[in-house]
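Remarks on the structure that follows.
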Protein chains: 2
Amino acid sequence: MERADRQFVDAFARGLAILEALSRAQRPLSNGELSRATGLPPSTVSRLTHTAMELGYLRFSQSKRAYELTPKNLALGYPVLAGMTMLDRAKPMLKQLSEETGETVGLVIRDGLHVTFVEVVQGSELVAVRLATGGRLPVAVSAAGIAILAAMPERDRRLLAARVCAHLAKRGGNVEAFKANLAEACELGISFIRDAWRRGIGGIAVALEDNGEMAAITIPIATGSVSEADMRGRLADALKGTVTTLWGP
Amino acid sequence: MERADRQFVDAFARGLAILEALSRAQRPLSNGELSRATGLPPSTVSRLTHTAMELGYLRFSQSKRAYELTPKNLALGYPVLAGMTMLDRAKPMLKQLSEETGETVGLVIRDGLHVTFVEVVQGSELVAVRLATGGRLPVAVSAAGIAILAAMPERDRRLLAARVCAHLAKRGGNVEAFKANLAEACELGISFIRDAWRRGIGGIAVALEDNGEMAAITIPIATGSVSEADMRGRLADALKGTVTTLWGP
DNA sequence: AAAAGCCTTTCCGCAGTGCGGAATAGTTGG
DNA sequence: CCAACTATTCCGCACTGCGGAAAGGCTTTT
């Protein structure tokens, strides 16, 4: 039996799949739940969780009868944050925007076909999903991802957008909506999304650049309580105003 | 050949060792450097880095000719941050303290025999090491770790302190200094450390508790420019004052 | 330009590691 | 106590991961 990629280490990948399943879950997961989430047999899951526990990346919560990721996992993201020079510069802007609008505000970077939150300032308004550093979603359904795409040089944008479309199509997503949102962001310099990722959640975003680093500042929206008019009016004005004032053109 | 722990998956552990070596390094590492850092042969490193790259956790920087962790790694820490309810409550306090002192301020939690930064507000004063979420160091040589220890119920504190001492002794660390620092923190309700972790770096810290969650708020110190008198006087007063005002007794 | 030096990746024979079904152990609820 | 369910351990086995050697790639030196 010829293997396609003999350099790929399945056991390592399986272990990471377990950590990843936990990072995506809204709560700790039992051995059985991890088995179902990853498609691995329960005994395999047990051996891999045992290994991760020995190394300090997982712990078993007796009260919840389930596994959860430990703070040690934060260390794996440390160099990303420590090396991100624009983060300190962006933080005051996040804070001001959150105070001004009452909304949660985040700084987001792209990573392949996904975007990842690197800083979040909680507002007083509720969004249906808990937002924090490390939160992650596909570019295609994220205001921040679309804003970053729109701000790219045209050649790069076409290439990446094609990959995003292919991936989206393969998963049965709405390619036309993505294209329309991207076109709008290219035209306006700001992106708007509603209910594309999850029901009840949308966002607006503007791209930032600093020393070759690209990111987006975004306001996630609870679409149930923030109207499209408010999003495109008050919030967009505040976002663009703050970026212009504190960041520059 | 009987193996001590047949449930432990070496390949998974080796893969994580590579990610961990990168999380500890001050810069991206080449295949050879990873080999030396982990003790694994270069060909093994190459197969494991290849796997992590395929999965999106690593990328190769052509300009630096070295591997670096991607933002996807932040996702593994997401549930820790998202689940930490005291974080939002602590952030305004961090900000105020940083503004008041001009120093960097962090919120730190314990994780086994280490402590991990979960939030950092940069001050204008320079500390020799870049501080960010995910930064990690041993309890024994960290002001925050000692403050958390000191705030524990006595029984728990004795047990954990014994483990810290054993670990410290095994590594040739200064057990007496640790014990003295812990005793002082128990007496004063605030901990002080100088040059224990690294030359030129110290810190002060006070423990916080909220709904059974325990953390510490800490000011890392550049010992070369902040005197012991200043640390124990001005900075300690500001730290305790802010905690009393914004957090409560 | 060619050779030397160094590093990374791929190859591949091999043995022991990781696998997963079955058995055992542990926990909870009735 | 028994039944049901879940997690862990056992263990035969085969194939996966290993690592030294070879090949490939890149930079520096001659």
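Throughout, protein chains are lettered first and strands after them, A, B, ... in sequence-line order, and every chain is numbered starting at 1.
- A:L29 has its CG atom 15 Å from the C1' atom of D:dA7, to the nearest Å.
- Nearest heavy-atom pair, A:K179 versus A:C165, reported as atom, atom and distance to 0.1 Å: CE-SG, 3.9 Å.
- Side-chain atoms of A:V9 lie closest to D:dG17 of the nucleotides D:dG17, C:dG20, C:dT28.
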Could you pull out the protein-nucleic contacts involving nucleotides 8-10 of chain D (nitrogen or oxygen on both sides, under 3.5 Å)?
from: D:dT8; atom 1: OP1; to: A:Y67; atom 2: OH; distance (Å): 2.9
from: D:dT8; atom 1: OP2; to: A:N31; atom 2: OD1; distance (Å): 3.2
from: D:dT8; atom 1: OP2; to: A:S46; atom 2: OG; distance (Å): 3.0
from: D:dT8; atom 1: OP2; to: A:Y67; atom 2: OH; distance (Å): 2.8
from: D:dT8; atom 1: O5'; to: A:S46; atom 2: OG; distance (Å): 3.4

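- One atom, NZ of A:K64, and another, P of C:dT28, lie 17 Å apart when rounded to the nearest Å.
- Side-chain N or O atoms of A:T104 include none that pairs as donor or acceptor with a backbone N or O of A:Q122 at under 3.5 Å.
- For the pair B:A11 and A:A11, the tightest heavy-atom approach, listed with the atom from each and the gap, is CB-CB, 3.8 Å.
- Regarding A:I18, its CD1 atom lies at a distance of 13 Å from the C1' atom of D:dA7, rounded to whole Å.
- For the pair B:L40 CG and C:dT9 P, the interatomic distance rounds to 15 Å; values are reported in whole Å.
- For the helix from C:dA1-D:dT30 to C:dG30-D:dC1, the end axes, each set by the C1' atoms of five terminal pairs, are bent relative to each other by 40° (nearest 10°).
- Look at A:R27 and A:E33 and you find a salt bridge, because one of the NZ, NE, NH1 or NH2 atoms lies within 4.0 Å of a carboxylate O, short of that distance.
- Proximity of A:H50 to B:V9: side-chain heavy atoms (C-beta onward) are nowhere separated by under 4.5 Å.
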Enumerate, atom names and distances included, each donor-acceptor pair closer than 3.5 Å involving a side-chain atom of residues 52-60 of chain B, sequence neighbours excluded.
from: B:Y57; atom 1: OH; to: A:E20; atom 2: OE1; distance (Å): 2.4
from: B:R59; atom 1: NE; to: B:E68; atom 2: OE2; distance (Å): 3.1

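- Although no hydrogens or angles enter the test, the distance criterion places a donor-acceptor pair under 3.5 Å between the side chain of A:R110 and the main chain of A:G112.
- D:dT16 atom P lies 19 Å from atom CZ of B:F12, rounded to whole Å.
- Along DNA chain D, the nucleotide closest to B:P41 and the one closest to A:R36 are compared, and the more 5′ of them pairs with A:R36.
- Positionally, the nearest nucleotide of DNA chain C for A:L48 lies more toward the 5' end than for the other of A:L48 and A:R65.
- Rounded to whole angstrom, the span from the CG atom of A:D5 across to the P atom of C:dT9 amounts to 13 Å.
- Side chains of A:T85 and A:E213: a donor on one and an acceptor on the other come within 3.5 Å.
- Between B:D5 and A:R47 there is no salt bridge, since no side-chain N of the basic residue sits under 4.0 Å from a carboxylate O of the acidic one.
- Applying the 4.0 Å criterion to OP1 and OP2 of D:dT16, one finds that B:R14 has every side-chain N and O outside that range.
- Residue B:E54 contributes atom CD, which lies 10 Å from atom P of C:dT10 at whole-angstrom precision.
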